[in-house]
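Only a predicted model underlies this, so the values are computations on that prediction, with no experimental measurement involved.
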Amino acid sequence: MSQDFQQSIFEHLNKKANISPEEIVQVAQSVQNADFSDERTVRRLVKQLARVANKPMSQQKEDQLVEMIVKKSDSIDYSTLQQIFKK
């Protein structure tokens with residue numbers, strides 16, 4: 001990915017969602033090596049993503065997401081995560 005393209009994505013996210021490049025990198029690193037079969041790890045990541053996105057999440061919604069992710073841990077990929085977080 002070119003440096004200009006990457007910078008434009010960071011600027012867009014910062015402008016539209018008030019998410020800093022540092023936050024994006026931190027979340028990406030957390031997800032990259034996460035054990036999606038570990039409920040505590042998944043819960044921490046869900047909370048982190050909600051906080052970064054500045055989206056409140058009920059305990060019920062958090063529990064549902066964590067359960068779905070943990071149950072699908074053997075088949076988790078980027079598109080699966082997108083589907084889960086769109087709900």
Asks: When you compare the side chain of Val42 with that of Asp35, does any pair of heavy atoms fall below 4.5 Å?
Replies: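 Not touching, per the 4.5 Å side-chain cut-off.
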
Asks: Using side chain to side chain contact (heavy atoms under 4.5 Å, CB included) as the criterion, list what pairs up with Ala34, not counting sequence neighbours.
Replies: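 With sequence neighbours excluded, Ala34 shows a side chain to side chain contact (heavy atoms under 4.5 Å, CB included) to Phe36, Thr41, Leu45, given in chain and number order.
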
Asks: Is the shortest heavy-atom distance from the side chain of Lys47 to the side chain of Met57 under 4.5 Å?
Replies: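 Contact flag for Lys47/Met57 side chains = no.
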
Asks: Could you list the residues that satisfy salt bridge (Lys or Arg N to Asp or Glu O under 4.0 Å) with Arg43, not counting sequence neighbours?
Replies: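 Arg43 satisfies salt bridge (Lys or Arg N to Asp or Glu O under 4.0 Å) with Glu39, Glu62, Asp63 once adjacent residues are dropped.
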
Asks: Verify side chain to side chain contact (heavy atoms under 4.5 Å, CB included) between Gln26 and Gln48, making sure each step is shown before the conclusion.
Replies: CA-CA 10 Å; Gln26 184 181 25; Gln48 182 182 18; 3.6 Å; yes

Asks: Near Gln59 CD, under 6.0 Å, is it more than 12 heavy atoms from other residues, nucleotides or ligands?
Replies: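 Counting neighbours around CD of Gln59, more than 12 heavy atoms of other residues, nucleotides or ligands fall under 6.0 Å, so yes.
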
Asks: Mind checking what makes side-chain hydrogen bond (donor to acceptor under 3.5 Å, both in side chains) contact with Gln64, not counting sequence neighbours?
Replies: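 Checked Gln64 against side-chain hydrogen bond (donor to acceptor under 3.5 Å, both in side chains); zero matches.
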
Asks: Does Glu22 have any side-chain hydrogen bond (donor to acceptor under 3.5 Å, both in side chains) partners at least two apart in sequence or in another chain, and if so, which?
Replies: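 Glu22 satisfies side-chain hydrogen bond (donor to acceptor under 3.5 Å, both in side chains) with Ser20 only.
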
